[in-house]
Amino acid sequence: MKDDSRLVMTELFDAPKRRVVPVLVPMPAPTPYSYAVPDGVTVTPGSIVQVPLGPRQVVGVVWDGPEDQTVNPKKLRDITKVFDCPPLDQNMRSFLHWVAAYTLSPPGYVARMALRAPAAFDPEPMIEGLRFTGYKPERITPARERVLELAADGLSWTKSGLAHASGVSPSVVDGLTKQGAFEQVFLPPPPLVAPPDPDYMVHRLAGPQLEASQDILATLAKGGFSVSLIDGVTGSGKTEVYFEAIAETLRRGKQVLILLPEIALTANFLERFQDRFGSKPGEWHSDLATRTRERVWRQVSTGDIRVVAGARSALFLPFEDLGLIIVDEEHDPAFKQEDRVFYNARDMAVVRARISGFPVILVSATPSVESQVNCNAGRYHLVHLPTRFADAAMPDLHLVDMRRHPPERGGFLSPVLVRAIGKTVERGEQALLFLNRRGYAPLTLCRVCGHRFQCPQCSSWLVEHRFRNQIQCHQCGYNEPTPNACPECGTLDHLVACGPGVERIAEEVEKHFPDKRTLVLSSDLGGVKRLRLELEAIAQGEADIVVGTQLVAKGHNFPLMTLVGIVDADIGLSNGDPRAAERTFQLLSQVTGRAGRTGRKSHGLLQTFQPQHPVMQALVSGDASAFYEREIGERERAALPPYGRLVSIIVSADNRAEAEGHARALRLAAPSGTDIAILGPAEAPLALIRGRHRFRLLVHGRRSSDMQGFVRAMLQNGPKERKSIQVQVDVDPQSFL
DNA sequence: AGCACGCCGACT
DNA sequence: GTCGGCGTGCTC
């Protein structure tokens with residue numbers, strides 16, 4: 001016994017004092033974990049390290065702050081490895097910290113978003129190359145001759161490059177190497193993209209475009225943090241304006257990030273960039289090959305890539321020296337991430353810029369109401385581009401009152417629209433019909449017994465798809481072959497399709513114009529390749545009438561399109577979403593903006609049952625200011641009840657079903673009359689839109705019973721820390737700005 | 001998040 | 001008698 005205690009004492013006194021640092025690991029712990037730093041290893045806050053976590057090795061970031069004294073020293077494990085790459089700098093760490101606090105997410109998850117490149121943390125390996133030694137083997141064949149001719153300049157070649165360039169097989173080069181004609185050299189890996197040249201092809205701007213760009217450049221010249229919103233109609237040249245801001249930032253030696261909704265990150269955009277800057281930007285999006293992703297990450301962190309065009313996750317790349325963020329299509333809901341860490345990349349871009357002290361430019365033809373409010377309040381600087389440039393006129397938009405001009409029985413197109421299509425195609429121009437509904441008909445029922453086809457998994461309606469001869473659930477993906485008998489009463493051939501989808505509209509169009517070429521554009525017909533081919537074909541004039549879903553709204557230009565018909569402008573206006581009107585306005589503006597870029601006169605016809613609706617009025621008048629005023633007022637009125645009752649509860653859940661389970665539990669637990677809004681953190685700014693310091697609560701809890709108890713207690717006592725559930729209260733993000 | 005442990009229902 | 005469902009707990 002005595003010996004034992006002596007042993008313990010000895011260990012206590014003699015154990016070398018290991019340096020301990022906090023490390024953020026990719027798991028939902030509320031604080032960093034502590035790890036020991038082995039002798040001879042140096043780390044600083046921001047160092048990217050590999051550490052053991054349970055049975056596996058994970059990537060983490062050495063974090064700021066003192067080590068956690070409470071952790072049992074026996075549990076401490078050593079850092080396995082420090083990666084040879086630039087540590088995340090102070091600004092980046094502050095940003096990650098802020099995002100974690102604001103989105104109420106575990107900091108380890110947020111950090112992981114910055115480390116989404118499995119093997120990028122060690123330097124790229126050198127490329128093996130060959131260089132001519134000056135020695136010519138005695139046996140020279142014609143193939144060898146060609147190789148040596150090329151290599152005679154003494155520059156380094158890769159084996160495959162040299163073989164390819166001289167038109168021989170790599171084994172010829174191998175042979176020459178064996179003979180001693182080449183020595184092995186190591187070359188630094190080539191950059192993914194050449195550095196962009198800010199003065200490669202300067203656009204000559206004029207009129208409102210020039211004024212807008214001077215305005216933006218003046219803001220940039222002041223230096224430091226700022227937010228500008230470029231508000232300009234489709235075709236007004238917004239891109240050229242922000243390209244000037246990019247050029248100026250590049251001249252100052254800083255990196256630039258262009259955030260785009262994933263779908264807008266097209267070859268077309270990259271080419272426009274290349275035309276202006278002489279090389280393509282680095283790309284960052286979800287279907288990048290792993291290898292490319294790693295190289296982009298690496299070269300962004302070392303500063304080799306100067307401009308990145310990327311989807312929302314590009315915001316978390318570790319730029320070496322970022323100096324400008326552009327958020328194009330800033331109103332687009334694709335900037336919201338709604339799993340794990342909930343954030344809106346547009347807002348987090350503003351925060352990243354604020355922390356690092358550089359400008360942000362938001363860009364949209366139809367700004368979000370939030371950004372409009374921020375402009376009105378003077379927080380954001382508004383740059384207005386009111387007109388299209390050159391000969392591109394805005395299309396003339398008109399409403400078709402469906403009560404006065406009803407379609408033929410069984411049809412969905414009013415005679416007014418049918419006539420307009422006829423005139424357009426007779427002139428040899430194209431017409432686009434927009435309907436945001438895939439398939440043939442959104443609902444099928446039995447005429448005999450009234451049975452409605454419903455999804456067995458999730459109870460939404462099954463949508464008939466005639467092209468595929470299937471009925472599908474658009475919610476969960478369930479599908480089965482289209483039946484011809486009613487499963488309820490067994491009656492044959494008495495199933496009736498209710499309402500239109502794009503396929504049904506195409507059928508109606510073909511009936512009216514049997515000798516014209518009608519094409520359906522819908523996301524469920526083939527992959528990206530086929531879609532690209534079809535878009536190309538349309539641009540070449542190989543279709544007369546195109547019937548399309550939402551995907552026609554984005555990016556692609558159809559030069560011959562002079563008529564856009566909105567089959568049902570009212571869709572989506574009454575679905576309970578507080579942003580329904582805003583979304584409809586944005587979507588329809590985008591779709592109608594597809595027409596009229598040709599210099600020819602172009603038209604848009606919007607079929608509606610509500611011609612007086614503010615959205616319709618805003619669209620046809622071309623003046624959205626009254627609409628925005630009204631929307632802002634509506635948000636005010638819809639604002640959640642005052643603090644003291646529940647304001648909003650942001651539920652952290654694994655998936656949507658689970659979140660809805662929590663919502664049900666909350667409604668059960670709360671006394672009747674209590675308003676409960678369940679919002680994701682990405683939605684929270686909606687409730688906070690006027691910048692009032694309302695409180696927001698988060699319940700981190702996974703069990704409905706806990707939630708019920710929590711809600712009861714909170715309604716009695718007011719929000720405060722409880723031991724079984726973490727409650728965080730934080731304030732309006734605007735107070736940060 | 002992953003992963004292990006542990007306790008009850010249907011089957012090689 | 002085992003295989004495997006997911007509820008619970010743990011990782012510095």
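Numbers restart at 1 for each chain; the letters A, B, ... are given by sequence-line order, proteins then strands. Worth knowing before you read on, the calculation uses all heavy atoms, side chains too, and leaves out hydrogens, waters and symmetry mates.
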For a quick test of your reading: what N or O donor-acceptor pairs under 3.5 Å do the side chains of residues 80-87 of chain A make, sequence neighbours left out?
| unit_1 | atom_1 | unit_2 | atom_2 | d |
| --- | --- | --- | --- | --- |
| A:T80 | OG1 | A:Q50 | O | 3.4 |
| A:T80 | OG1 | A:Q57 | OE1 | 2.7 |
| A:K81 | NZ | A:D122 | OD2 | 2.9 |

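- Aromatic ring centres of A:F95 and A:F316 lie closer together than 6.0 Å.
- Among residues two or more places apart in sequence or in another chain, the salt bridge (Lys or Arg N to Asp or Glu O under 4.0 Å) test is passed with A:E330 by A:R346.
- A:K280 is linked by a side chain to side chain donor-acceptor pair (under 3.5 Å) to nothing, counting only residues two or more places apart in sequence or in another chain.
- A:Q57 places its CD atom 15 Å from the P atom of B:dG2, with the value rounded to the nearest Å.
- Among residues two or more places apart in sequence or in another chain, the side chain to side chain donor-acceptor pair (under 3.5 Å) test is passed with A:H97 by none.
- Residues satisfying the side-chain contact (heavy atoms from CB on, under 4.5 Å) criterion with A:S34, sequence neighbours excluded, are A:V20, A:D68, A:V71, A:L76.
- The side-chain contact (heavy atoms from CB on, under 4.5 Å) search around A:Q550 returns A:N436, A:L587, not counting sequence neighbours.
- Atoms CG (A:D78) and C1' (C:dC12) sit 12 Å apart, rounded to a whole Å.
- Atom CG of A:L24 is separated from atom C1' of C:dT11 by 15 Å (rounded to the nearest Å).
- Within the structure, ring-ring contact (aromatic ring centres under 6.0 Å, His included) contacts touching residues 287-315 of chain A (residues at least two apart or in different chains) are A:F121-A:W297.
- Between the OH atom of A:Y33 and the P atom of B:dA1 there is a distance of 14 Å, given to the nearest Å.
- Residues that satisfy the side chain to side chain donor-acceptor pair (under 3.5 Å) test with A:S313, not counting sequence neighbours, are A:W284.
- Atom OH in A:Y35 sits about 5 Å away from atom C1' in C:dC12, given to the nearest Å.
- Looking at residues 41-54 of chain A, you'll see A:P52, A:L53, A:G54 sit with a heavy atom under 4.0 Å from some atom of DNA chain C.
- Within the structure, no pair that satisfies the ring-ring contact (aromatic ring centres under 6.0 Å, His included) test touches residues 22-64 of chain A, not counting sequence neighbours.
- One can place CZ of A:R77 at 12 Å from C1' of C:dC10, the figure rounded to the nearest angstrom.
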Tabulate atom names and distances for all N/O pairs under 3.5 angstrom spanning the protein and nucleotides 3-5 of chain B.
none

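- Annotation: proximity of residues 61-68 of chain A to DNA chain C (heavy atom, distance under 4.0 Å) is found for no residue.
- If you look at A:F319 and A:F358, their ring centroids are not closer than 6.0 Å.
- Within the 4.0 angstrom heavy-atom criterion, base atoms lie near A:P28.
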